[in-house]
Protein chains: 2
Amino acid sequence: MNPKFFLLPEEKQRRILNAGYRVFSQSPYRKSPVSEIAEYAGISKALLFHYFKNKKELYLYLWDTCAKTTVREMEQSGAYEQKDLFGSMDSGMQAKLRLMRQYPDMGSFAVRAFYEKDPEVSLDIQSSMNQYLAVHARRKLQEINPDDFIPGIDLEMMYQEMYWASEGCLWEYIKRGDYDADGMEKDFRKLVDFWKKVYLRKPGEDGSHDKENV
Amino acid sequence: MNPKFFLLPEEKQRRILNAGYRVFSQSPYRKSPVSEIAEYAGISKALLFHYFKNKKELYLYLWDTCAKTTVREMEQSGAYEQKDLFGSMDSGMQAKLRLMRQYPDMGSFAVRAFYEKDPEVSLDIQSSMNQYLAVHARRKLQEINPDDFIPGIDLEMMYQEMYWASEGCLWEYIKRGDYDADGMEKDFRKLVDFWKKVYLRKPGEDGSHDKENV
DNA sequence: GATTTGATTGACCGAAGCGGTTAACGGAGG
DNA sequence: CCTCCGTTAACCGCTTCGGTCAATCAAATC
């Protein structure tokens with residue numbers, strides 16, 4: 001690709017990225033025309049082909065940038081270091097929302113690209129994905145303290161359930177093309193509050209040792 | 001449309017429906033070629049145009065059939081009459097799974113069609129949808145008995161949360177193109193069991209009047 | 001003011017794909 | 001042998017595709 005792309009004003013770069021995410025997230029690779037991307041970005045198709053030598057290079061650049069941006073944002077959020085489970089979920093969601101505010105269609109693009117079947121790009125996607133997965137640390141449910149939660153609860157299931165609910169909540173917006181990050185945040189906050197009330201052990205309940213009961 | 005379509009063996013009709021759901025669920029209306037549908041269905045494009053006079057008619061027929069089939073299946077499931085909240089959720093999910101076994105892509109098709117923007121079909125979709133919504137009864141959370149659940153819980157939020165979690169669980173399969181209805185059912189069952197343990201009031205807890213404590 | 005330079009684009013190319021039609025095929029029934 | 005009818009390959013005119021290129025234009029340089 002043409003290195004002059006990086007000399008463009010940041011806002012113009014982002015406009016091009018977002019146009020690409022948008023178009024590629026709505027149709028499979030083969031049915032996503034470059035001309036449509038150029039139109040969304042507000043530039044001519046010829047200029048887009050001036051920065052990227054062909055459609056495939058543009059697509060793979062989008063994929064790579066999307067992965068890198070996500071990893072960076074997640075690491076900066078501190079979601080991985082946090083001890084508190086709810087705090088870590090909150091940090092993760094904050095990062096997700098920050099991404100969505102800058103790149104509304106990046107998430108949908110990532111899902112679609114990950115499951116893309118077109119032989120022209122699928123191999124490159126998969127191999128670069130494996131690379132990222134190798135670096136990316138696995139989740140770490142084992143570090144939480146079971147005594148914090150109501151007795152007898154299946155923690156694995158609880159975590160799974162919380163994950164599904166937050167995904168379902170987000171999808172509610174995404175599937176109708178609504179990018180209201182503030183609305184999502186509000187809904188998510190309500191979810192977390194609800195979880196805390198339901199899952200966390202109430203002080204003074206039949207724990208083996210309740211030292212704090214002021 | 002050609003009434004001879006209905007004289008076709010049922011399995012062939014279903015193959016055509018499924019081919020249509022599949023293709024139209026993966027790209028927007030305009031980018032979903034009829035030829036591809038014919039290929040999936042295992043017939044020639046000419047024959048498809050023999051049954052449906054054009055692409056639009058085929059699309060709207062799919063939409064209409066999808067709506068009718070869903071409504072029928074939901075009504076038969078008894079999900080609307082059930083008093084027990086979990087029982088009603090279970091019936092609903094059973095119906096959903098039965099549909100998915102027969103028409104794997106119908107759900108994705110319905111979502112995509114509902115949000116379709118193409119002026120050639122969007123008006124017809126919207127107006128027929130309003131028709132269905134007028135008939136379809138609204139949810140009825142008010143009928144459940146708050147005393148069955150742990151005290152102080154926000155029932156509205158609980159219902160919302162359960163809905164999101166089940167949607168998120170399903171989406172986990174759908175987004176990766178996996179139609180394993182058995183797997184979905186197993187996951188969903190585990191969800192319901194988890195909910196029952198967490199949300200239902202344990203006998204002997206501090207209710208205002210615990211008459212049953214044998 | 002003339003000239004160079006580099007970003008940007010309208011117009012274009014051959015190829016492919018689109019929705020839709022038609023003439024012909026082929027097998028079953030009379 | 002002919003007739004019917006479900007079925008299709010081949011075709012049509014048109015649009016759209018990925019990609020190219022010569023021309024445009026404004027700013028920098030002389």
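Here is the naming used below: chain letters follow the sequence lines, and residue numbers restart at 1 for every chain.
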Can you say whether the rings of B/F194 and A/Y199 are parallel (under 30°), tilted (30 to 60°) or perpendicular (over 60°)? tilted

Contacts of A/F5 that satisfy ring-ring contact (aromatic ring centres under 6.0 Å, His included) - sequence neighbours left out: A/Y51, A/F52, A/Y61

How many whole angstroms separate atom CD1 of B/I16 from atom C1' of D/dG6? 12 Å

Mind calculating the distance between CG (B/L7) and C1' (D/dG6) to the nearest angstrom? 12 Å

Non-neighbouring partners of B/S91 that pass side-chain hydrogen bond (donor to acceptor under 3.5 Å, both in side chains), sequence neighbours left out: B/Q82

Among A/E73, A/E185, A/E167, find the residue that satisfies the salt bridge (Lys or Arg N to Asp or Glu O under 4.0 Å) test when tested with A/K96. A/E167

Nearest heavy-atom pair of A/K31 and B/S27: which atoms, and what distance? CD-OG, 3.8 Å

Can you build the contact string for nucleotides 7-24 of chain D? Use B for base contact, S for sugar-phosphate-only contact, and - for no protein heavy atom under 4.0 Å. SBB-------SBBBB---

